[in-house]
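Quick notes on the structure that follows.
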Amino acid sequence: MDTVLFIIGIIGNIISVLVFVSPITTFWRIVRSKSTEEFEPAPYVLTLLNTLLWLYYGVTKPDGLLIATVNGFGAVMETIYVVLFLVYAADHATRVKTAKLVAVLDIGFFGIVFMATTFAIDGLDMKIMIIGLICACLSVFMYGSPLAAVRAVIASRSVEYMPFFLSFFLFLNGAVWATYALLDRDIFLGVPNGIGCFLGGIQLVIYAIYMNRRVVDSQSSEEAASTSLLSSDSSRHGQNDISYNV
């Protein structure tokens with residue numbers, strides 16, 4: 001493996017690890033409260049499926065070690081998150097929903113892909129192409145899912161529901177792995193991460209626009225409150241003057 005490619009891959013591993021551990025604070029809250037509250041299990045179940053597929057891709061592809069290692073770590077972390085979701089589900093319906101998603105996607109779908117590519121497809125190149133295509137499609141879908149948060153930001157004119165560091169690391173993660181894929185000539189890794197980098201950039205631009213808007217709105221609110229207070233004081237002073245005259 002080329003030295004530059006290896007270094008970029010290591011950087012990509014580090015950034016991806018930061019992305020994978022970012023939900024720890026959320027799950028620490030879940031463990032402390034012993035309830036998943038209003039959190040949804042779908043993002044974690046889908047991320048587990050994504051990491052399992054990319055792990056399989058990295059193991060299957062020659063020189064795919066760096067892809068396999070980071071997604072192996074991600075698969076372990078997401079498994080822990082899903083187990084915690086099952087243990088601390090807010091109610092029986094949430095637990096059943098989570099179990100069904102795991103059974104259908106992480107066990108069923110991944111099992112079908114693994115069995116089909118292992119026993120029904122001959123030739124390493126064809127196997128890599130099919131696994132890579134499935135991975136790319138799922139990754140594009142997952143990179144696009146935060147756009148719902150962008151719509152919420154635009155509607156509310158507040159960045160409260162779009163954490164800056166998560167958007168920043170997703171952008172950085174996409175950029176680094178897109179660069180890695182470009183040097184490695186891996187279209188299946190490059191396309192979804194290139195799209196992810198672009199979408200992450202859009203999120204950062206939206207954050208910059210509405211963060212400033214929120215500051216201005218806050219200052220306006222403070223000024224309005226001050227003006228209201230002064231008017232109230234003036235009104236009270238006027239009443240006092242009238243009473244003294246009487």
Side-chain angles (χ1 to χ4, degrees), residues 8-27 30 39-87 98-118 127-146 166-167 169-178 180-181 184 186-197 199-200:
I8 294 175
I10 292 296
I11 295 171
N13 269 245
I14 294 170
I15 297 171
S16 295
V17 165
L18 292 175
V19 174
F20 285 133
V21 300
S22 62
I24 284 180
T25 53
T26 297
F27 281 91
I30 288 173
F39 292 108
E40 284 291 327
Y44 306 102
V45 175
L46 281 171
T47 305
L48 175 57
L49 174 61
N50 193 51
T51 54
L52 288 172
L53 288 168
W54 279 112
L55 172 61
Y56 184 36
Y57 178 80
V59 170
T60 305
K61 180 187 175 183
D63 296 328
L65 176 64
L66 293 176
I67 300 173
T69 52
V70 70
N71 283 285
F73 175 81
V76 171
M77 294 301 299
E78 297 301 327
T79 300
I80 294 172
Y81 298 151
V82 170
V83 169
L84 289 175
F85 229 101
L86 288 168
V87 172
T98 305
K100 286 181 177 179
L101 285 172
V102 171
V104 172
L105 297 175
D106 298 331
I107 298 175
F109 183 77
F110 177 74
I112 290 171
V113 172
F114 179 80
M115 296 294 288
T117 53
T118 301
K127 184 184 295 187
I128 291 172
M129 185 182 74
I130 292 175
I131 300 170
L133 187 61
I134 295 170
C135 289
C137 291
L138 182 58
S139 293
V140 169
F141 172 76
M142 293 191 65
Y143 268 125
S145 59
L166 180 58
S167 298
F169 280 121
L170 286 174
F171 165 76
L172 204 59
N173 189 62
V176 171
W177 282 111
Y180 178 92
D184 196 38
D186 188 333
I187 188 173
F188 301 117
L189 188 63
V191 170
N193 282 288
I195 293 173
C197 178
L199 294 177

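Note that the structure is a prediction, hence the values are computed from the model and not measured.
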Atom pairs and distances, side-chain donor-acceptor, residues 53-61, under 3.5 Å, sequence neighbours left out:
residue	atom	partner	partner atom	Å
Trp54	NE1	Asn50	OD1	3.4
Trp54	NE1	Ser139	OG	2.8
Tyr56	OH	Thr117	OG1	2.7
Tyr56	OH	Thr118	OG1	3.2
Tyr57	OH	Asp186	OD1	3.0
Tyr57	OH	Asp186	OD2	2.8
Thr60	OG1	Tyr56	O	2.7
Lys61	NZ	Asp184	OD2	2.7
Lys61	NZ	Asp186	OD2	2.6

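In this view, Phe20 satisfies the ring pair (Phe, Tyr, Trp, His ring centres under 6.0 Å) rule with no residue, not counting sequence neighbours.
Residues Pro62 and Ile128 form a side-chain contact, since some pair of their non-hydrogen atoms from C-beta on lies under 4.5 Å apart. When side chains are defined from C-beta on, Ile134 counts as touching Phe109, because their heavy atoms get closer than 4.5 Å. Side-chain contact between Leu172 and Trp177 is absent, with no heavy atoms from C-beta onward closer than 4.5 Å. In this structure, the side chains of Leu66 and Tyr180 come closer than 4.5 Å at one or more pairs of heavy atoms. Phe188 places a side-chain heavy atom less than 4.5 Å from the side chain of Leu133. Two residues are said to be in side-chain contact when any heavy atoms from C-beta on lie closer than 4.5 Å; Val17 and Met77 fail this criterion. At a threshold of 4.5 Å between non-hydrogen side-chain atoms, the residues Phe73 and Val21 count as touching.
Going from atom CG of Asn173 over to atom CD1 of Ile11 covers 12.0 Å, rounded to the nearest 0.5 Å. To the nearest 0.5 Å, atom CG of residue Leu52 and atom CZ of residue Phe114 are 11.5 Å apart. Rounded to the nearest 0.5 Å, atoms CD1 (Ile107) and CD1 (Ile112) are 12.0 Å apart. Rounding to the nearest 0.5 Å gives a distance of 11.5 Å between OG1 of Thr26 and CG of Leu84. For the atom pair Leu48 CG and Asn71 CG, the distance stands at 11.0 Å (nearest 0.5 Å).
Paired with Asp106 under the rule side-chain contact (heavy atoms from CB on, under 4.5 Å), one option of Val45, Thr79, Thr51 passes, and it is Val45.
Not one N or O on the side chain of Thr47 forms a donor-acceptor pair closer than 3.5 Å with the backbone of Tyr44.
Across all non-hydrogen atoms, the minimal contact from Pro41 to Leu101 is CG-CD1, 4.3 Å. The two residues Val19 and Leu170 make their nearest non-hydrogen contact at CG1-CD2, 4.2 Å. Residues Ala178 and Gly190 come closest through the heavy atom pair CB-O, 4.4 Å.
In this pair, Phe27 and Phe85 present their aromatic rings perpendicular. The plane angle is above 60°, beyond the 30 to 60° band.
Within 6.0 Å of the CG atom in Leu46, the count of heavy atoms belonging to other residues, nucleotides or ligands exceeds 12.
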